[in-house]
Amino acid sequence: MRVPFALLSAPAWLAVLTDAPWTYIVLGASAIVTEELAPIFGGIAAHEGELRLMAVVVAITLGGWMATALLYLLGRLKWEAIRRRFPKVRATGTVALRVVRRNPMTASFFVRFAFGLRIVLPMACGAARVPLYRYLPMTLLGSLAWTAVFTAVGYAAGEAAVQAIGHLGQAGEIVGAIVLTGAILAFVKWQRTRRARKAARQAAVPPATPRSTVETGSGGRTD
């Protein structure tokens, strides 16, 4: 559930903020739910001098990173149970799993940028057993890059960014659909190429010479 935009655009919304630890904790913890709204909100507040810019970036980066780590653990331990419990996740999850297995490092970096796949993709990384020593650093870098981009948007645009973020929900669905469609097409092409190579290898193998089941001159009785 997203925070109402009308509340954020109220003239006095900045007045309730304080440069206290709980503010940054709430921003970081809410990033997985409010998505782009959290860093843009933090950027606006930093622009107005209510919050510290670097503290906003660190809090949201760590909050998003920890959320993706928990989703990774959930996917690693309960992937099959989740697929059985939520049939609508099966197709998306299968494609995400194939993408992760082919490009584990890239998939790990872009888990925060994957509009529409931010829940499924990190779980697929866990199901694919991406090593933690690779997954955690890459997701940390990806979370930092994502936070920096949208915090900069909020800082540069000020309150006008709140109005712009209202269109990201629809845009996110479109981008997510494009990413998913591209992944499906890439998977289908890979499958066809693999089958063609397998057929070519089978055609190149000469047929085996059949062995005779009758051996002459052995064990025969004469009258």
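We number each residue from 1, following the sequence as shown. We use all heavy atoms of the structure for the numbers below, so side chains are in, but hydrogens, waters and symmetry mates are not.
- Panel note: side chain Thr147, backbone Leu144; no donor-acceptor pair is recorded below 3.5 Å.
- At least one side-chain heavy atom of Trp146 sits less than 4.5 Å from a side-chain heavy atom of Pro39.
- Side chain of Ser143 to backbone of Thr61: a donor-acceptor contact under 3.5 angstrom is found.
- Looking at Leu121, Thr139, Thr68, Val149 one by one, the single match for side chain to side chain contact (heavy atoms under 4.5 Å, CB included) with Arg112 turns out to be Thr68.
- If you take CZ on Arg134 and CE on Met105, they are separated by 6.0 Å, rounding to the nearest 0.5 Å.
- Proximity of Val130 to Ser108: side-chain heavy atoms (C-beta onward) are separated by under 4.5 Å at one or more points.
- Hydrophobic clustering places Leu132 together with Leu62 (ILVMFWY residues linked when any side-chain heavy atoms are closer than 4.5 Å, directly or through intermediates).
- Interatomic distance, Ile32 CD1 to Met66 CE, rounded to the nearest 0.5 Å: 11.5 Å.
- Residues Met123 and Tyr72 form no side-chain contact, since every pair of their non-hydrogen atoms from C-beta on lies 4.5 Å or further apart.
- Counting only distance, with no hydrogens or angles, the side chain of Tyr24 and the backbone of Ile60 share no donor-acceptor pair below 3.5 Å.
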Exercise for review: Could you please spell out the steps behind the side chain to side chain contact (heavy atoms under 4.5 Å, CB included) verdict for Leu74 and Ile82?
Suggested key: CA-CA 9 Å; Leu74 184 62; Ile82 292 171; 3.7 Å; yes
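- Separation of atoms CG (Leu140) and CZ (Phe109) is listed at 10.5 Å; rounding is to 0.5 Å.
- Counting heavy atoms from C-beta outward, Arg118 and Val111 have side chains that stay 4.5 Å or more apart.
- Taking each heavy atom of Ala127 and Leu97 in turn, the nearest pair found is CB-CD1, 3.9 Å.
- Clustering ILVMFWY residues whenever any of their side-chain heavy atoms sit less than 4.5 angstrom apart, transitively, puts Leu136 in a cluster other than the one holding Leu73.
- Put simply, the residue from Val57, Val56, Ile44, Leu53 that forms a side chain to side chain contact (heavy atoms under 4.5 Å, CB included) with Tyr155 is Leu53.
- The heavy-atom pair separating Phe113 from Ala145 by the smallest distance is CZ-C, 3.8 Å.
- Put simply, the side chain of Glu35 does not reach to within 4.5 Å of the side chain of Phe150, judged on heavy atoms.
- Looking only at side-chain heavy atoms (C-beta outward), Leu27 and Thr34 stay at 4.5 Å or farther from each other.
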